[in-house]
Amino acid sequence: MSLSTPLSTREDLRNVAIIAHVDHGKTTLVDQMLRQSGIFRENEALTERVMDSNDLERERGITILSKNTAVKYGDTKINIVDTPGHADFGGEVERILMMVDGVLLLVDAFEGCMPQTRFVLKKALSLGKKPLVVVNKIDRPGSRPLEVVDEVLDLFIELGADEDQLEFPVVYASAKGGYATLDPAVEGTDMVPLFEKIISEIPAPQGDAEAGMQILFSNIEYDEYVGRIGIGRVERGTVKSGMQAVLCSADGQTKAVKIAKLYQYEGLKRVETDTAQVGDIICVSGIAALNIGETACSPDCVEALPFVKIDEPTVSMNFMVNNSPFAGKEGKFVTSRNIRDRLYKEVETNVALRVEDTDSADTLKVSGRGELHLSILIETMRRQNYEFQVSRPQVITKEIDGTLCEPIEYLIIEVPENYVGPVMEKLGSRKGELVNMATRENGITHIEFKIPARGLMGYRPEFLTDTNGNGIMNHVFDGYEPFKGEITTRFQGSLIAHETGETVAYGLFAAQERGKLFVGAGVNVYEGMIVGANPKNEDMTVNVCKRKHVTNTRASGSDDALKLTPPTTLSLEQCLEFIADDELVEITPKSIRMRKRILQKEMRAKSKKQ
């Protein structure tokens with residue numbers, strides 16, 4: 001494209017992404033924008049957090065996948081992208097920033113800037129996106145909107161924002177109350193001030209409308225009827241359904257394709273259209289082998305666009321075929337081929353994930369952004385009737401300039417003052433380095449650390465215990481630093497089942513004195529399965545299937561009812577944090593079990609000696 005070519009500006013369109021830390025109210029804000037723009041009929045039944053359409057998102061109350069929607073305000077169409085708020089799903093945020101011209105940075109009026117705020121803002125500023133700051137939850141008790149705006153300004157300066165970006169506009173809002181205002185002291189009535197600011201502050205899309213067509217694909221969806229659908233932005237020219245195009249892949253190869261159908265977003269629906277102009281966010285069907293980051297061009301002007309660099313994974317774990325005594329009893333897809341096909345299919349849409357073959361045909365190495373990133377994949381596969389085993393997560397180290405380096409996390413903790421001591425002590429032993437510490441008016445201490453990623457593995461349960469559930473911890477990947485040395489992260493052993501059978505109250509009563517049990521009575525167990533935690537740092541074999549011998553001798557007190565402590569049920573994330581290097585988590589559609597890699601006690605003893 002020559003420099004003299006005039007660029008056309010689409011004043012009737014705005015493309016904006018909403019970025020924020022987890023649980024700061026992005027999805028609730030999108031709800032209100034959809035409701036107040038007249039997208040829904042008055043009698044239409046609406047659910048809360050309508051954009052969280054995935055079952056896992058609804059259960060956990062977090063956004064996992066980026067999603068598109070569009071609203072009309074006056075004569076202007078506003079394309080909105082709702083993004084995840086957790087750092088482990090940063091790959092979802094990085095790629096969709098290519099589709100938008102500006103970002104709504106949402107910050108909680110009470111909590112202020114959190115790790116994910118820093119992470120996504122850094123990406124947006126480096127790509128030159130125009131920020132509009134929305135201070136949400138101003139109706140929350142203890143909110144401090146003006147202080148939070150000062151914190152946001154400090155963060156912008158720290159991240160090296162330019163002069164234009166530092167002059168960011170601010171809107172105050174209550175997504176739950178359904179209003180926005182330009183003055184936090186004056187309660188608003190609706191979202192009009194926010195819509196007005198988006199139109200006046202977010203740049204309108206620009207591009208050469210007369211040049212050859214060019215679309216950059218940033219996301220992929222599947223439809224049962226039309227197959228693979230690419231979601232991208234028209235960077236140049238005009239797109240028509242049925243037209244011929246050339247697809248430029250990441251490795252420089254090109255191939256002829258046909259754009260079968262075009263769709264645009266209206267509210268939550270995809271609506272078929274015949275043409276799309278510069279700046280439009282569109283969905284394209286008919287390109288079977290499409291991947292994220294590829295460019296579709298008109299045949300007379302083939303020019304691939306660069307795609308945003310996605311940060312590398314920091315944590316890996318092995319996915320293995322289940323070989324426990326209970327293998328194949330509960331899952332439908334159990335073979336190595338089933339697991340391999342499913343994982344390689346996931347890589348096509350989950351750009352921050354890596355899958356590699358290993359020396360063993362039954363094992364695949366899967367790398368992701370963090371434990372939550374991988375555990376969501378495991379939970380999704382489990383619900384799709386897959387059965388497999390996974391190893392303990394391991395951090396991915398790198399050699400930089402001849403020095404072994406490991407991933408470092410930026411950790412922010414907020415706890416009441418009387419719990420600061422135990423937290424500092426534990427994080428010190430895990431090689432945490434104090435960066436900042438401040439006390440808020442309400443008696444909450446705000447502490448910031450830099451800590452090796454492996455030092456955080458298994459820490460959350462200890463943190464909740466040490467703070468009696470009163471603490472909040474959030475962390476985000478900060479970079480690579482030289483290896484910090486050995487860290488002991490687990491201070492307890494496992495209680496291991498002695499034999500295969502069904503647990504009974506008599507055996508459990510004897511075992512519960514040894515530690516905390518994970519199973520109750522009437523549960524099928526096998527030799528080598530982990531049934532509890534030993535407070536001492538050593539493994540212990542217990543017989544939870546032991547029955548009381550029946551004799552014809554009776555003694556006072558021997559027939560008293562046995563009182564069992566209710567077992568502790570661990571979630572998938574807690575299991576992944578609990579296991580040691582010589583242990584595995586067995587995943588089936590109905591059960592999550594922990595086990596030793598070597599099931600027989602004698603074989604484990606021999607292996608330890610060797």
Side-chain angles (χ1 to χ4, degrees), residues 317-331 371 374-375 378-379 382 387-394 457-462 465 488-546 564-608:
M317 63 195 333
N318 289 332
F319 281 54
M320 294 167 260
V321 173
N322 188 9
N323 60 1
S324 83
F326 294 170
K329 289 186 176 181
E330 296 173 358
E371 287 175 87
L374 294 172
S375 74
I378 293 168
E379 184 63 42
R382 181 180 169 226
E387 183 178 309
F388 51 98
Q389 299 178 133
V390 294
S391 67
R392 186 183 188 211
Q394 301 286 348
M457 287 183 181
Y459 175 61
R460 192 174 289 273
E462 286 185 40
T465 305
T488 305
T489 55
R490 178 166 151 172
F491 299 95
Q492 53 187 350
S494 303
L495 297 179
I496 304 157
H498 173 260
E499 62 184 5
T500 302
E502 189 178 294
T503 58
V504 290
Y506 186 74
L508 291 168
F509 183 73
Q512 72 181 10
E513 294 176 6
R514 307 289 179 210
K516 183 168 63 178
L517 291 179
F518 300 148
V519 293
V523 176
N524 287 320
V525 298
Y526 52 81
E527 182 188 358
M529 181 173 150
I530 297 169
V531 293
N534 182 9
K536 295 177 183 174
N537 191 10
E538 59 185 31
D539 293 341
M540 184 182 292
T541 306
V542 291
N543 192 352
V544 287
C545 304
K546 185 181 181 183
L564 289 180
T565 308
T568 303
T569 305
L570 298 186
S571 66
L572 173 59
E573 280 88 2
Q574 288 171 324
C575 288
L576 293 174
E577 287 179 341
F578 177 81
I579 58 171
D581 292 334
D582 65 336
E583 295 167 352
L584 303 171
V585 180
E586 181 186 348
I587 312 286
T588 77
K590 295 179 182 174
S591 315
I592 297 173
R593 306 182 189 97
M594 293 179 288
R595 54 161 286 189
K596 285 289 181 184
R597 279 179 191 262
I598 303 170
L599 297 177
Q600 291 81 19
K601 184 180 178 181
E602 296 77 15
M603 297 299 289
R604 284 199 300 274
K606 277 183 185 174
S607 168
K608 204 170 182 180

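For reference, positions follow the sequence shown, starting with 1.
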I want to check something: taking the side chain as every heavy atom from C-beta on, are [X] and [Y] in contact at a cut-off of under 4.5 Å?
X: N323; Y: R595; answer: yes
X: F578; Y: I530; answer: yes
X: N322; Y: F388; answer: no
X: E371; Y: M457; answer: yes
X: I378; Y: M317; answer: yes
X: L572; Y: I587; answer: yes

_E330 with R593: basic N within carboxylate O range, under 4.0 Å_ =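 R593 and E330: salt-bridged.
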_Salt bridge or not between D582 and R597? Use side-chain N to carboxylate O under 4.0 Å._
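Looking at D582 and R597, the cut-off is not met.
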*Please lay out, stage by stage, how D539 and K596 fare under the test side-chain contact (heavy atoms from CB on, under 4.5 Å).*
CA-CA 10 Å; D539 293 341; K596 285 289 181 184; 2.5 Å; yes
Closest non-hydrogen atom pair between [X] and [Y], with its separation:
X: L599; Y: R604; result: O-NH1, 2.7 Å
X: C575; Y: I592; result: SG-CG2, 3.9 Å
X: S375; Y: L576; result: CB-CD1, 4.0 Å
X: G328; Y: E387; result: N-OE2, 2.6 Å
X: L584; Y: M320; result: CD2-CE, 3.3 Å
X: C545; Y: E499; result: CB-OE2, 3.6 Å

*asked:* Between S494 and I496 (side chain of the first, backbone of the second, donor and acceptor by atom type, cut-off under 3.5 Å), is there such a pair?
replied: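 Not confirmed, S494 side chain does not pair with I496 backbone.
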*asked:* Quick one: does any side-chain atom of R392 pair with a main-chain N or O of E577 as donor and acceptor, under 3.5 Å?
replied: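 No, because the side chain of R392 does not come within donor-acceptor range (under 3.5 Å) of the backbone of E577.
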Using distance only, find each side-chain donor-acceptor pair of residues 509-526 under 3.5 Å and give its atom names and separation, not counting sequence neighbours.
{"from": "Q512", "atom 1": "OE1", "to": "T565", "atom 2": "N", "distance (Å)": "2.9"}
{"from": "Q512", "atom 1": "NE2", "to": "K563", "atom 2": "O", "distance (Å)": "3.1"}
{"from": "Y526", "atom 1": "OH", "to": "E586", "atom 2": "OE1", "distance (Å)": "2.6"}

*Can M594 and L570 be said to form a side-chain contact (heavy atoms from CB on, under 4.5 Å), step by step?*
CA-CA 10 Å; M594 293 179 288; L570 298 186; 3.6 Å; yes
*asked:* Walk me through whether D581 and Q394 qualify under side-chain contact (heavy atoms from CB on, under 4.5 Å).
replied: CA-CA 9 Å; D581 292 334; Q394 301 286 348; 3.0 Å; yes
